[in-house]
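Contents: one structure, followed by commentary.
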Number of protein chains: 2
Amino acid sequence: MGLRADYVTRPREWIASILAREPRFLSAAQIHQGLERDGARVSLSTVYRTLDHLQGKGDITARPDADGEVTYMLCEPSRHHHHAICRTCGRVEDVDCAAMEQFAESLRARNGFELDGHAIEFFGKCGACR
Amino acid sequence: MGLRADYVTRPREWIASILAREPRFLSAAQIHQGLERDGARVSLSTVYRTLDHLQGKGDITARPDADGEVTYMLCEPSRHHHHAICRTCGRVEDVDCAAMEQFAESLRARNGFELDGHAIEFFGKCGACR
DNA sequence: CGGGATTTTGCGAATAGTTCGCAAATGAGG
DNA sequence: CCTCATTTGCGAACTATTCGCAAAATCCCG
């Protein structure tokens with residue numbers, strides 16, 4: 001009976017490796033370009049399918065950028081945290097913050113609003129870009 | 001000499017009126033459908049152009065939804081605040097919160113990160129949907 | 001209220017990002 | 001090394017959004 005398989009293939013390894021070395025959100029097209037630069041010939045379709053696959057496994061986080069283009073980054077959603085995104089270079093730094101969590105909790109109480117999640121992003125310039 | 005004009009037209013009034021009565025983020029297509037329902041025949045191009053126009057005036061806020069489709073809502077960005085979005089009906093409630101601002105400020109100090117902005121969204125169920 | 005300069009609209013075509021179908025290639029396991 | 005399920009590549013299809021241009025609407029001023 002078909003228990004879903006999960007093949008390890010070159011394209012998947014290459015794509016994961018691109019994501020692994022870039023601490024920023026990349027679009028499918030950017031990943032595809034990165035593969036070409038590395039001399040790895042992978043179709044854009046496969047990039048999209050692999051990204052869906054990685055997302056399904058919970059290995060990457062997707063986020064539409066300001067223009068609506070979807071971008072992806074290696075990021076365990078298990079350990080809850082937020083992001084600080086550099087406006088200049090796009091570098092993403094994790095912001096793990098108990099105070100923020102606590103604040104969100106307190107909001108749950110107020111408002112007739114049953115809070116079950118939140119998304120927080122900080123923008124600015126990272127140390128290197130200042 | 002051409003100081004930019006700003007014509008008041010039926011399409012623009014109709015579109016603004018749709019936005020004015022919906023406390024949630026709507027896509028261009030949804031707005032277009034709303035216009036048709038009202039018997040107002042406006043082209044989709046005009047919907048997009050009017051949304052750009054309103055955004056330029058600072059009358060509406062745009063936000064790509066989870067799938068990357070851009071959605072719009074009447075919302076003065078002048079008074080800084082955040083949103084609580086109902087997972088069931090999409091209703092958006094404003095969350096004006098000094099504590100959050102203060103928290104963001106404190107983050108500016110830590111990290112080598114020069115914070116110049118942030119985006120916060122809360123998700124859950126509004127009173128009506130619980 | 002009428003005329004003319006300027007802006008806006010509608011339409012259809014063009015673009016960009018993403019998905020899909022299907023045959024060929026690849027990985028897992030015996 | 002053989003077989004079978006999964007994955008890939010390709011090109012076509014789709015969807016959201018933008019654009020060019022001629023026609024229509026708006027504004028302003030007399």
Side-chain angles (χ1 to χ4, degrees), chain A residues 1-19 22 24-57 59-73 90, chain B residues 1-19 22 24-57 59-73 90:
Chain A
M1 274 164 266
L3 295 187
R4 64 200 57 167
D6 185 14
Y7 286 24
V8 174
T9 66
R10 311 273 181 60
R12 286 184 177 174
E13 288 176 333
W14 291 332
I15 291 168
S17 120
I18 292 263
L19 287 169
E22 287 290 345
R24 59 199 104 242
F25 283 92
L26 299 175
S27 67
Q30 289 175 315
I31 293 169
H32 189 241
Q33 287 158 22
L35 291 167
E36 281 198 329
R37 239 178 280 116
D38 289 7
R41 187 151 61 281
V42 178
S43 78
L44 194 49
S45 306
T46 296
V47 173
Y48 278 107
R49 281 182 293 220
T50 298
L51 290 170
D52 285 352
H53 178 249
L54 291 175
Q55 199 173 189
K57 292 206 312 168
D59 288 345
I60 67 179
T61 294
R63 163 189 116 87
D65 70 10
D67 304 319
E69 192 172 3
V70 183
T71 57
Y72 306 83
M73 191 180 68
Chain B
M1 270 164 271
L3 295 187
R4 66 201 53 167
D6 187 13
Y7 286 23
V8 174
T9 67
R10 311 266 181 62
R12 285 184 178 173
E13 288 176 334
W14 290 333
I15 290 168
S17 120
I18 293 262
L19 287 169
E22 287 288 348
R24 61 199 102 243
F25 283 91
L26 299 175
S27 67
Q30 288 175 314
I31 293 169
H32 189 241
Q33 287 159 19
L35 290 167
E36 281 195 332
R37 239 178 280 116
D38 290 6
R41 185 147 70 278
V42 177
S43 77
L44 193 50
S45 306
T46 295
V47 173
Y48 277 108
R49 281 182 295 219
T50 298
L51 291 170
D52 284 352
H53 178 249
L54 291 174
Q55 198 173 190
K57 292 206 314 169
D59 289 346
I60 66 179
T61 295
R63 163 187 117 88
D65 70 11
D67 304 320
E69 191 172 5
V70 182
T71 57
Y72 305 84
M73 190 180 68

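The chains referred to below are lettered A, B, ... by the order of the sequence lines, with proteins before strands, and numbering in each begins at 1.
- Closest heavy-atom contact between A:Pro64 and B:Pro64: CB-CB, 3.9 Å.
- Expressed to the nearest 0.5 Å, how far CD1 of A:Ile31 lies from CH2 of A:Trp14 amounts to 15.0 Å.
- Atoms CD1 and CG, on A:Ile18 and A:Leu26 in that order, are 8.0 Å from each other to the nearest 0.5 Å.
- Listed by first then second residue, pairs satisfying salt bridge (charged side-chain N to carboxylate O under 4.0 Å, His left out) with a partner in residues 37-48 of chain A read A:Arg21-A:Asp38, not counting sequence neighbours.
- Nearer to the 5' terminus of DNA chain D, by closest-nucleotide assignment, is the contact made by A:His53 (compared with the other of B:Val70 and A:His53).
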Compile the donor-acceptor pairs under 3.5 Å between side chains in residues 50-57 of chain A and protein atoms, sequence neighbours left out, one pair per line.
unit_1: A:Thr50; atom_1: OG1; unit_2: A:Thr46; atom_2: O; d: 2.8
unit_1: A:His53; atom_1: NE2; unit_2: A:Asp6; atom_2: OD1; d: 2.9
unit_1: A:Lys57; atom_1: NZ; unit_2: A:Asp59; atom_2: OD2; d: 3.4

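- In terms of the side-chain hydrogen bond (donor to acceptor under 3.5 Å, both in side chains) criterion, residue partners of A:Arg63 (sequence neighbours excluded) are, by chain and number, A:Glu121.
- In this structure, CG of A:Leu51 is placed 11 Å from P of D:dT8, rounded to the nearest angstrom.
- Comparing C:dG10, C:dG17, C:dC22 by their closest approach to the side chain of A:Glu69 singles out C:dG17.
- For the helix from C:dC1-D:dG30 to C:dG30-D:dC1, the end axes, each set by the C1' atoms of five terminal pairs, are bent relative to each other by 40° (nearest 10°).
- With sequence neighbours left out, the side chain to side chain contact (heavy atoms under 4.5 Å, CB included) criterion links A:Ser27 to A:Ala29, A:Gln30, A:Glu69, A:Thr71.
- Within residues 36-48 of chain A, the residues having any heavy atom under 4.0 Å from DNA chain D are, by residue number, A:Arg41, A:Val42, A:Ser43, A:Ser45, A:Thr46.
- Atom C1' of nucleotide D:dT17 and atom CD of B:Gln55 are separated by 13 Å, given to the nearest angstrom.
- Among the nucleotides C:dT19, C:dT18, D:dA5, the one closest to the side chain of A:Asp52 is C:dT19.
- For the pair B:Asp6 CG and D:dC28 C1', the interatomic distance rounds to 15 Å; values are reported in whole Å.
- When the nucleotides D:dC27, C:dG21, C:dT7 are ranked by their closest atom to the side chain of B:Val8, D:dC27 comes out on top.
- Rounded to a whole Å, the CG atom of A:Asp65 is 14 Å from the C1' atom of D:dA16.
- What separates CG of A:Leu54 from C1' of D:dT7 is a distance of 14 Å, to the nearest Å.
- Partners of A:Tyr72 under the ring pair (Phe, Tyr, Trp, His ring centres under 6.0 Å) rule, at least two apart in sequence or in another chain, do not exist in this structure.
- For B:Ala16, there are no side chain to side chain contact (heavy atoms under 4.5 Å, CB included) partners at least two apart in sequence or on another chain.
- Atoms CZ (B:Arg49) and C1' (D:dA24) sit 13 Å apart, rounded to a whole Å.
- Atom CG of A:Leu35 is separated from atom CD1 of A:Ile15 by 5.5 Å, given to the nearest 0.5 angstrom.
- Within residues 9-16 of chain B, the residues approached by DNA chain D to less than 4.0 Å at the level of any non-hydrogen atom are B:Thr9, B:Arg10, in residue-number order.
- Rounding to whole angstrom units, OH of residue B:Tyr7 and P of D:dA23 are separated by 19 Å.
- Listed by chain and number, the residues in a salt bridge (Lys or Arg N to Asp or Glu O under 4.0 Å) with B:Glu22 are B:Arg24 (sequence neighbours excluded).
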